[in-house]
Protein chains: 12
Amino acid sequence: MSEIAKPLARYAAFRRAGDYVFLSGIIPVDPSRGMIVRGFADIPAEAARAIGATGEFSTDFKQGPILAQSWYVLDRVRATVEAAGGGMADVVKLVQYFVNLDHFPLYSRVRGLFFPGEAPVSTVVGVSGLMPSADVLVEVEATAYLPRRQPS
Amino acid sequence: MSEIAKPLARYAAFRRAGDYVFLSGIIPVDPSRGMIVRGFADIPAEAARAIGATGEFSTDFKQGPILAQSWYVLDRVRATVEAAGGGMADVVKLVQYFVNLDHFPLYSRVRGLFFPGEAPVSTVVGVSGLMPSADVLVEVEATAYLPRRQPS
Amino acid sequence: MSEIAKPLARYAAFRRAGDYVFLSGIIPVDPSRGMIVRGFADIPAEAARAIGATGEFSTDFKQGPILAQSWYVLDRVRATVEAAGGGMADVVKLVQYFVNLDHFPLYSRVRGLFFPGEAPVSTVVGVSGLMPSADVLVEVEATAYLPRRQPS
Amino acid sequence: MSEIAKPLARYAAFRRAGDYVFLSGIIPVDPSRGMIVRGFADIPAEAARAIGATGEFSTDFKQGPILAQSWYVLDRVRATVEAAGGGMADVVKLVQYFVNLDHFPLYSRVRGLFFPGEAPVSTVVGVSGLMPSADVLVEVEATAYLPRRQPS
Amino acid sequence: MSEIAKPLARYAAFRRAGDYVFLSGIIPVDPSRGMIVRGFADIPAEAARAIGATGEFSTDFKQGPILAQSWYVLDRVRATVEAAGGGMADVVKLVQYFVNLDHFPLYSRVRGLFFPGEAPVSTVVGVSGLMPSADVLVEVEATAYLPRRQPS
Amino acid sequence: MSEIAKPLARYAAFRRAGDYVFLSGIIPVDPSRGMIVRGFADIPAEAARAIGATGEFSTDFKQGPILAQSWYVLDRVRATVEAAGGGMADVVKLVQYFVNLDHFPLYSRVRGLFFPGEAPVSTVVGVSGLMPSADVLVEVEATAYLPRRQPS
Amino acid sequence: MSEIAKPLARYAAFRRAGDYVFLSGIIPVDPSRGMIVRGFADIPAEAARAIGATGEFSTDFKQGPILAQSWYVLDRVRATVEAAGGGMADVVKLVQYFVNLDHFPLYSRVRGLFFPGEAPVSTVVGVSGLMPSADVLVEVEATAYLPRRQPS
Amino acid sequence: MSEIAKPLARYAAFRRAGDYVFLSGIIPVDPSRGMIVRGFADIPAEAARAIGATGEFSTDFKQGPILAQSWYVLDRVRATVEAAGGGMADVVKLVQYFVNLDHFPLYSRVRGLFFPGEAPVSTVVGVSGLMPSADVLVEVEATAYLPRRQPS
Amino acid sequence: MSEIAKPLARYAAFRRAGDYVFLSGIIPVDPSRGMIVRGFADIPAEAARAIGATGEFSTDFKQGPILAQSWYVLDRVRATVEAAGGGMADVVKLVQYFVNLDHFPLYSRVRGLFFPGEAPVSTVVGVSGLMPSADVLVEVEATAYLPRRQPS
Amino acid sequence: MSEIAKPLARYAAFRRAGDYVFLSGIIPVDPSRGMIVRGFADIPAEAARAIGATGEFSTDFKQGPILAQSWYVLDRVRATVEAAGGGMADVVKLVQYFVNLDHFPLYSRVRGLFFPGEAPVSTVVGVSGLMPSADVLVEVEATAYLPRRQPS
Amino acid sequence: MSEIAKPLARYAAFRRAGDYVFLSGIIPVDPSRGMIVRGFADIPAEAARAIGATGEFSTDFKQGPILAQSWYVLDRVRATVEAAGGGMADVVKLVQYFVNLDHFPLYSRVRGLFFPGEAPVSTVVGVSGLMPSADVLVEVEATAYLPRRQPS
Amino acid sequence: MSEIAKPLARYAAFRRAGDYVFLSGIIPVDPSRGMIVRGFADIPAEAARAIGATGEFSTDFKQGPILAQSWYVLDRVRATVEAAGGGMADVVKLVQYFVNLDHFPLYSRVRGLFFPGEAPVSTVVGVSGLMPSADVLVEVEATAYLPRRQPS
């Protein structure tokens with residue numbers, strides 16, 4: 001679960017350019033398993049608990065998809081930035097696409113767990129669709145600042 | 001009216017990273033008043049006149065929302081960039097999201113007033129929705145280039 | 001066909017800021033001819049052949065619009081980056097907007113021709129509309145890394 | 001806020017029949033003020049905090065309406081049952097109508113606060129509309145068991 | 001017109017259980033004639049006059065269907081409760097389903113004629129459809145309290 | 001398959017109040033397996049045969065979902081009433097919600113098998129949705145009359 | 001409330017031409033207050049009572065908008081014709097536009113109060129929208145016959 | 001069939017004002033029979049033949065409604081103008097409302113039969129609905145010039 | 001461009017009746033060229049400049065259709081009234097139909113150029129369609145007062 | 001009821017060509033009566049019973065239209081093939097068009113009665129409409145093999 | 001115009017098999033010119049006159065597309081059958097697909113001109129779309145009987 | 001995978017009639033496994049490669065369903081014709097139904113692999129649905145010419 005986001009097509013998971021690391025938009029798809037994350041069952045149990053799985057069927061059935069997808073994409077942002085030599089604190093910008101903006105409060109709660117310190121800048125828009133299917137509810141594009149040499 | 005854009009959730013209004021200043025996407029919402037800008041009445045009278053308020057009820061009722069929102073978001077871009085130590089001339093890139101692309105010509109007229117000199121690069125897309133409600137018609141994400149030391 | 005993307009309104013085709021070159025979102029519109037690219041007939045014949053024109057009326061009628069638009073916008077990305085002093089290999093990031101995400105595989109095939117080497121990072125989203133009309137199927141926003149002086 | 005639910009038309013707020021007390025369907029409307037509850041601002045501040053107001057504009061703007069309406073209708077169920085001489089523990093059955101079933105998890109969280117002990121039976125359905133306007137998101141119909149003489 | 005509501009399928013028109021009489025949901029269908037009530041012509045003329053037939057074609061054409069159906073279902077509630085040994089004053093609860101909630105004020109006016117005294121509790125919801133066809137605009141489910149022996 | 005309906009959230013499967021037993025609305029979901037009943041494969045084979053499985057793929061694919069769900073919810077009504085000490089003959093009232101009223105004739109055929117004797121009163125309405133997802137086609141709410149002591 | 005209809009844009013409230021007085025289409029907007037009439041609260045209390053305000057919240061909430069708008073536009077027709085030197089009896093023709101033709105019976109009842117004598121000719125059509133917003137439900141265009149000199 | 005158009009509500013079929021005769025908008029409804037004209041069977045057989053009834057079921061089923069309604073409304077315009085003392089040649093203006101503008105060519109052919117000589121001015125618009133129901137496809141409003149005394 | 005509006009079917013472009021001249025509804029179609037006006041390219045260049053062509057592709061592409069159509073129909077009103085012996089100052093009444101009422105402000109600006117003096121009375125409605133196709137955005141029906149002999 | 005299918009327009013009910021007999025697509029319309037089959041009442045009573053009329057109003061109202069139409073079109077296929085000198089056993093191919101594919105199982109049950117022996121090949125598709133109106137739910141096109149001389 | 005229908009993709013225009021000639025479905029597209037037939041201007045003038053061009057702009061604009069397409073596809077059926085050695089009298093079966101069944105009467109009139117003698121069998125269905133674009137309104141599939149040797 | 005198409009209901013997979021073999025419409029459903037073909041994983045790997053599986057997740061996710069279904073239905077056409085004693089070269093006619101005509105180019109590419117020689121005649125239409133569910137994207141109906149004795 002901590003592997004970097006593998007590109008789903010012919011593109012790079014991240015590219016360093018000068019002091020910045022650009023990440024491709026990340027969707028809740030695990031290409032190695034050929035599977036879209038659809039609910040709490042598709043993420044580690046401790047993660048599910050941490051982000052609000054209640055154990056009540058109806059509530060988890062309704063909120064599970066966006067909560068689990070939010071965790072998955074942010075966890076892959078983390079893994080990818082770490083692969084580039086940094087950490088979540090180095091992420092300076094997020095662009096977040098939702099197919100249903102009513103999902104924002106649930107995503108926002110998960111994001112707070114990943115960014116306990118200084119928050120990145122954030123753009124949120126509602127889109128008409130995300131790749132590769134209507135089951136994908138959120139996409140996150142991150143930019144990190146990782147200067148090659150720390151200012152001395 | 002000239003205060004910087006306060007974030008509406010747990011995110012930063014802007015983040016400096018190296019020579020760049022990234023701004024969060026700005027929507028026409030005044031969080032201190034808990035209010036969405038809906039028309040000319042929600043912006044200063046001189047601003048309304050400058051961007052084309054006609055005083056005719058029907059015309060202002062129709063064009064007021066997008067004109068006033070355009071002014072408000074661009075004015076907050078300005079205030080935020082100034083808070084970061086720069087000015088509108090330092091804005092190099094804009095991504096602009098509209099829920100109705102027919103609003104572009106009116107937005108474009110307002111934008112011309114804020115960028116009398118060299119224009120930033122610009123991306124315009126139509127989206128299915130913006131936060132936090134259907135009353136929000138436009139969101140603008142800006143990037144500024146503010147090198148720490150001017151080349152000497 | 002190799003001229004840089006002329007802005008369709010008051011904005012810059014590209015802006016250098018430090019070591020980066022930002023491009024405006026490019027749509028398949030030729031402003032000098034006031035024309036939206038609509039099919040194979042609107043691009044050079046060799047380009048049409050290269051991206052998959054079959055000569056069968058029904059197939060070309062269906063796939064021509066997105067294939068030709070994909071070629072056109074990427075060719076203008078190329079021309080614009082070259083005008084800024086670089087090449088496709090310097091493009092580090094692409095954000096790609098589609099009005100119909102089913103078009104992605106066809107676009108992706110064309111993009112492979114423009115980036116035979118290392119691929120840029122990529123974000124793909126489905127949007128509700130693009131400027132200036134419903135005939136526009138794809139918009140591409142590119143960022144290039146062109147350091148003024150190569151590190152020695 | 002603790003007054004019983006006044007009927008909005010020619011019908012009774014509650015009717016005792018034998019050992020049962022039937023309540024009319026309760027909607028989040030305060031007829032004395034002629035006002036539909038629309039968000040946290042329309043309920044007491046301590047109630048808002050108790051049911052999950054975060055203070056973050058975007059989140060509260062999205063979740064406020066259903067959370068506040070859930071609190072209001074259940075609080076009026078409570079006040080009405082108390083007016084009939086009972087308490088929430090005497091409520092044995094709830095029928096709950098939603099215009100958007102995605103609201104159920106938020107309603108369910110609020111309901112848990114009103115029924116800390118044995119829960120009533122519950123029916124949940126999604127309906128095409130509620131009185132008197134599209135701003136009303138939830139209606140709750142309660143039945144209480146209040147035997148005239150406790151079994152000795 | 002005063003016969004009890006015959007069930008349209010395998011179910012009971014009413015069932016006594018203890019001191020209560022439960023009625024099936026009643027729709028404006030006359031199964032003996034195999035006919036849905038569609039306007040003033042399908043109910044007695046004096047009833048039509050009593051509930052607001054104006055004699056003006058356009059007005060009666062628009063309001064006739066819901067007014068006549070309201071009268072018909074409430075009249076069958078009355079006949080059914082009488083068949084069970086009670087009267088309208090014994091009806092303690094109504095659940096009313098509408099396919100168009102704008103019909104409520106007209107229904108409400110008719111209901112007032114049937115319940116001149118103490119009103120039953122009432123729940124009103126908008127539904128996506130009623131049996132057996134889209135011509136049915138309203139369904140009413142009634143519960144009566146008819147204790148076998150009056151308390152002495 | 002004969003276990004009582006376990007509540008999917010914080011509510012009771014049934015509540016006795018005086019001589020009545022109220023059941024929560026039952027949907028075709030097996031919470032122990034976290035699974036929605038979707039067709040004949042999800043119910044016992046003898047049940048499938050009894051309610052009309054034909055063995056022809058196209059017919060069973062079309063009619064299987066509503067037939068199997070109808071059997072499942074009514075079987076759980078039965079198990080729940082039995083857990084409360086009664087039987088199907090004690091059920092006096094049913095409220096039945098459908099997302100597609102064209103399903104009624106198939107449901108009605110199954111219901112006839114569960115109520116060979118005196119039928120309960122019945123209300124049928126079409127709703128815009130049922131919990132927890134669009135795969136749920138029917139919900140049944142039952143009320144039983146189970147006097148503690150038979151009148152002597 | 002008896003002032004003539006002020007034009008909402010660059011047009012005349014009325015124009016005399018020969019023996020006729022033409023009125024602009026009148027919508028329920030009070031330009032001096034910049035306000036659309038939305039219900040009984042926006043018209044004089046005695047007018048509300050005269051046109052059917054019931055005091056019941058649900059009914060008035062549903063019927064208030066069209067009843068109040070009907071009164072307002074017809075009252076402004078009256079005031080405008082009086083400003084031109086005539087009265088309602090001089091109005092010979094009305095063209096009436098509705099966004100929802102189900103509103104006609106309520107409008108018709110109000111119109112009857114304004115034209116107790118000989119009625120004008122009347123055209124009624126359903127339109128897809130009225131200026132300046134979807135809150136406007138009715139527009140009335142009147143023509144009056146006011147000969148300069150009575151035939152002697 | 002030659003009687004004048006009886007008003008369907010409280011309004012005049014026509015009003016003379018000076019030298020003009022204004023007609024109410026005429027719809028294909030026969031109020032004496034309480035019936036909307038729906039096809040060739042509702043008009044005289046010779047009229048049906050004259051306007052294009054073919055005797056082929058499918059064609060007549062498709063084109064009958066608009067052809068018969070066109071004939072009916074124009075025939076009533078004729079009868080009403082004659083009742084006012086004039087004839088079709090005196091009709092100077094028509095406003096014609098259609099719910100489906102594809103019906104215009106068929107209406108136009110019928111209109112040509114009623115105005116063999118000088119044609120009136122004509123306005124044609126597509127509307128969202130006509131009174132009293134969706135079965136009404138066309139409404140015609142006519143104005144006639146009938147000077148009291150011919151200029152000598 | 002100054003020719004009178006030729007009728008597109010069997011009707012008159014204008015008809016004098018007494019002191020009035022009635023014009024048929026005018027749409028932006030040039031029947032001699034069999035062409036619908038679609039943008040600035042279809043009207044004289046000086047007219048395009050006068051009504052707000054900006055030369056920016058995106059803005060003109062969006063606003064061109066309604067601005068050019070507005071100019072065209074009003075210019076034909078002018079030409080037709082002049083053919084009848086009058087001028088724009090003699091136009092006393094306009095009925096204006098729009099398929100999209102958001103176009104009104106742009107139309108209104110153009111209309112102001114044609115009526116620099118006293119404005120006619122005006123009715124504005126949104127319709128579901130105009131002849132002959134969805135490309136037509138506006139229709140204008142004008143009435144002029146042209147007394148045969150000026151009062152002496 | 002056993003007459004061959006009369007064509008509804010200028011086409012043949014059947015055509016022999018070599019050893020094959022081609023039938024026109026048959027819809028449930030009786031052109032001699034000018035009537036579309038709408039339910040059990042429009043077919044012989046014994047046929048209704050044979051195909052599943054239950055006598056319960058709600059069920060028959062829902063399933064009657066497709067069952068009766070299925071019987072009618074297949075009975076006319078039979079009558080037409082018999083008129084051509086063959087029988088149902090000679091029908092080798094059916095193409096069946098439905099406006100609602102959920103109707104297939106009911107149609108299929110009826111078809112089984114008409115083809116007790118070897119079944120023809122079958123194609124089933126869902127279409128957007130059938131002639132002459134939306135009341136027509138199914139159309140069947142049959143081909144029969146009727147060699148002029150039986151092989152000896 | 002009399003050339004046979006060239007296939008638009010990899011398929012045959014016609015295939016003889018035994019005594020039958022099967023034609024591919026023909027759409028109103030001229031592949032040699034890469035053009036869809038859109039109106040009277042795309043067919044020979046004498047054909048346009050023969051099938052009902054009126055010369056009135058509005059009528060021809062509305063009816064031209066389907067009339068011209070009907071003529072074109074039937075003319076290509078004719079040319080193709082002639083290329084196979086037969087004539088229209090040999091066509092025994094037609095399957096006709098329409099995107100709008102209201103077009104049938106106009107198509108039927110044109111078809112009558114092509115089949116003055118014995119008519120083929122005919123199937124008519126409404127489909128959701130035809131190749132290659134929404135401008136195509138009709139497709140016709142024909143089968144001809146052309147025995148190699150006439151029976152002697 | 002080479003078994004003949006088993007009928008999904010009571011109908012024949014193919015029927016010989018004279019020299020022709022008629023096939024039922026074939027859909028991408030494997031009745032023995034009770035499974036609809038949904039992507040490359042449901043067909044043999046070598047078939048997937050042959051028809052264009054790329055190994056890139058996003059592209060295969062988008063194009064896999066129609067490509068795999070196209071292969072599956074054509075492979076079953078082949079197996080069925082072979083069971084009747086012929087081969088693909090004997091197929092003379094195909095009717096192909098699509099729920100989304102944009103799928104045609106992908107289907108067409110697959111069809112080319114199955115018909116390397118002379119192509120059959122072809123009809124392509126877009127339909128509103130196919131059996132048994134919305135997951136089915138294509139249906140193919142084939143006719144083969146297999147004379148019992150070759151002409152000598």
Side-chain angles (χ1 to χ4, degrees), chain H residues 16-22 70 74 81 86 88-130 134 137-151, chain I residues 4-27 29 31 73 76-77 80-81 83-84 91 93-101 123-149:
Chain H
R16 170 178 282 276
D19 291 344
Y20 295 89
V21 172
F22 297 98
S70 297
L74 290 166
V81 172
M88 279 309 233
D90 302 311
V91 174
V92 293
K93 179 183 171 185
L94 295 174
V95 184
Q96 290 125 134
Y97 303 99
F98 293 86
V99 293
N100 180 352
L101 286 171
D102 291 344
H103 289 159
F104 175 74
L106 296 174
Y107 166 83
S108 178
R109 208 168 68 200
V110 177
R111 186 178 62 185
L113 304 177
F114 280 88
F115 294 100
E118 188 183 8
V121 300
S122 167
T123 294
V124 173
V125 290
V127 291
S128 61
L130 292 172
L137 306 172
V138 60
E139 176 169 3
V140 175
E141 180 199 294
T143 305
Y145 178 60
L146 285 168
R148 291 173 199 270
R149 271 152 291 159
Q150 300 298 335
Chain I
I4 76 161
K6 288 187 200 160
L8 303 175
R10 280 181 39 83
Y11 61 84
F14 69 89
R15 274 282 287 267
R16 171 178 280 277
D19 291 345
Y20 296 88
V21 172
F22 298 98
L23 280 73
S24 286
I26 293 177
I27 51 175
V29 171
V73 295
R76 287 182 72 207
V77 167
T80 307
V81 172
V91 174
K93 180 183 171 186
L94 295 174
V95 184
Q96 290 125 135
Y97 303 98
F98 293 86
V99 292
N100 180 351
L101 285 171
T123 295
V124 173
V125 290
V127 290
S128 62
L130 293 171
M131 286 289 288
S133 87
D135 289 322
V136 171
L137 305 173
V138 61
E139 175 170 2
V140 174
E141 178 198 297
T143 306
Y145 178 61
L146 284 170
R148 290 175 199 273
R149 273 152 290 155

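In the text below, chain A, chain B and the rest are named by the order of the sequence lines, each starting its count at 1. Just so you know, these numbers use all the heavy atoms, side chains as well, and skip hydrogens, waters and symmetry mates.
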**OP:** Could you tell me whether H:Glu118 and I:Arg15 make a salt bridge, using a distance below 4.0 angstrom between a side-chain N and a carboxylate O?
**Re:** yes

Subject >> I:Ile26 versus chain H, the contacting section by heavy-atom distance below 4.5 Å >> reply: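 For I:Ile26, no heavy atom lies under 4.5 Å from chain H.
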
Original post:
Where on I:Phe22 is there a heavy atom nearer than 4.5 Å to chain H: the side chain, the backbone, both, or neither?
Top reply: both

Subject >> Check against side chain to side chain donor-acceptor pair (under 3.5 Å), I:Ser24 and I:Glu141 >> reply: CA-CA 6 Å; I:Ser24 286; I:Glu141 178 198 297; over 6 Å; no

Subject >> Identified side-chain hydrogen bond (donor to acceptor under 3.5 Å, both in side chains) partner of H:Gln96 from the options H:Ser108, H:Ser122, H:Ser70 >> reply: H:Ser122

**OP:** For the residue pair I:Val124 and I:Leu101, establish whether any side-chain heavy-atom pair is separated by less than 4.5 Å.
**Re:** yes

Subject >> Leading residue by heavy atom contact count with chain H [cutoff under 4.5 Å; candidates I:Val127, I:Val136, I:Val99, I:Val95] >> reply: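 Counting heavy-atom pairs under 4.5 Å, the top option is I:Val127.
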
